[in-house]
Amino acid sequence: MSETVNAGGDEVPKNVTIYINNLNEKIKIEKLKKSLVAVFSQFGKILEVLAFKTLKHKGQAWVVFENVSSASDAIRQLQGFPFYDKPMRIQYAKTKSDVIAKADGTFVPRERRKRHDDKGKKRKDQHDANLAGMGINPAYAGAYGATPALSQIPYPGGAKSMVPEAPAPPNNILFIQNLPNETTPMMLQMLFLQYPGFKEVRMVETKPGIAFVEYGDEMQSTVAMQALQSFKITPQNPMLITYAKK
DNA sequence: AGCACA
């Protein structure tokens, strides 16, 4: 079959883009997008994820895949999937996404008020289409390209988690894992104190191997994270530093 | 409930 029937009984033709609603509106847009990437990447390459916080568009998102088969698999397999405590409702999107139109040359700017599109915009669009063609979301390339920690961290918890978590967004508090059991707060303080803005180290006796390190702000915590990422207290224990969850 | 391209 080549179409699905949505809850309202309307037939929706296949599309590489899926439209998701009934999303938890309390989740911040950036976190939501990253979590969607985390959950939907299993079905194939994602070109872009769009979500907006305006009234009319809250609780909804568009995930643009490279192939329709990915979109179909996603709809089949994740229909009703509990995501941040709410079952996702997934359909094919009704219209073609701009990234796709730009890539296949059918893109027409929708504000008809412009008589000429200026050269600068055109070049930018072409650039974005190129990025998309390489599997790089232009929006992410700009926004997160300079934040290496976000891309290099596998999600902690991995397979056992029913709702895969995207890496946490920047936070002035760092979460340290894979520490040797003999690590003391004093040892960590010596390491982290050398970076500006250091506030404190917290460890929990009953949870060996992890610690929280707090800085004044997220710029400072990011500097420390990048400096000490994979630092080995013992040769077997490269530390894994991520932002703590908010 | 709400199908866009910050």
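In this structure, A:Tyr215 and A:Val223 have side chains that are not in contact, with every pair of non-hydrogen atoms separated by 4.5 Å or more. Counting heavy atoms from C-beta on, the side chains of A:Val16 and A:Glu66 never come closer than 4.5 Å. Residues A:Val64 and A:Ile46 are not in side-chain contact: their nearest non-hydrogen atoms beyond the backbone lie 4.5 Å or more apart.
Between A:Ile20 atom CD1 and B:dA4 atom C1' the separation is 13 Å, expressed in whole Å. Rounded to whole angstrom, the span from the CD1 atom of A:Ile100 across to the C1' atom of B:dA4 amounts to 14 Å. Atoms CD (A:Glu30) and P (B:dA6) sit 13 Å apart, rounded to a whole Å. Rounded to an integer number of Å, the gap from CG of A:Leu36 to P of B:dA4 is 18 Å. When rounded to the nearest whole Å, the span between CD1 of A:Ile18 and C1' of B:dC5 equals 16 Å. Per the geometry, CD1 belonging to A:Ile29 stands 13 Å off P belonging to B:dC5, to the nearest Å. Atom pair A:Ile46:CD1 and B:dC5:P shows a separation of 20 Å (rounding to whole Å applied). Atoms CZ (A:Phe52) and C1' (B:dG2) sit 13 Å apart, rounded to a whole Å.
Summarising the hydrophobic clusters (Ile, Leu, Val, Met, Phe, Trp, Tyr; side-chain heavy atoms under 4.5 Å, direct or chained), the residues clustered with A:Phe52 are A:Tyr19, A:Leu50, A:Trp62.
When the nearest nucleotides of DNA chain B are assigned to A:Lys96 and A:Leu23 by heavy-atom distance, the more 5′-ward of the two goes with A:Leu23.
Listed pair A:Lys56 / B:dA4 meets the phosphate criterion, a side-chain N or O lying under 4.0 Å from OP1 or OP2.
Every residue two or more places apart in sequence or in another chain was checked for a side-chain hydrogen bond (donor to acceptor under 3.5 Å, both in side chains) with A:Glu218, and none qualifies.
When the nucleotides B:dC5, B:dA6, B:dG2 are ranked by their closest atom to the side chain of A:Tyr19, B:dG2 comes out on top. Nearest to the side chain of A:Gln60, among B:dC5, B:dA6, B:dG2, sits B:dG2. Closest to the A:Leu50 side chain, of the nucleotides B:dC3, B:dC5, B:dG2, is B:dC5. Candidate nucleotides B:dG2, B:dC3, B:dC5 were compared by shortest atom distance to the side chain of A:Arg110, and B:dC5 ranks first.
On a pure distance criterion of 3.5 Å, no polar donor-acceptor pair joins the side chain of A:Glu48 and the base of B:dC5. Counting distance only, with no hydrogens placed and no angle test, the side-chain atoms of A:Ser97 and the base atoms of B:dA4 include a donor-acceptor pair under 3.5 Å.
At a threshold of 4.0 angstrom between heavy atoms, the contacts of A:Ala51 include nucleobase atoms, whether or not backbone atoms are also involved.
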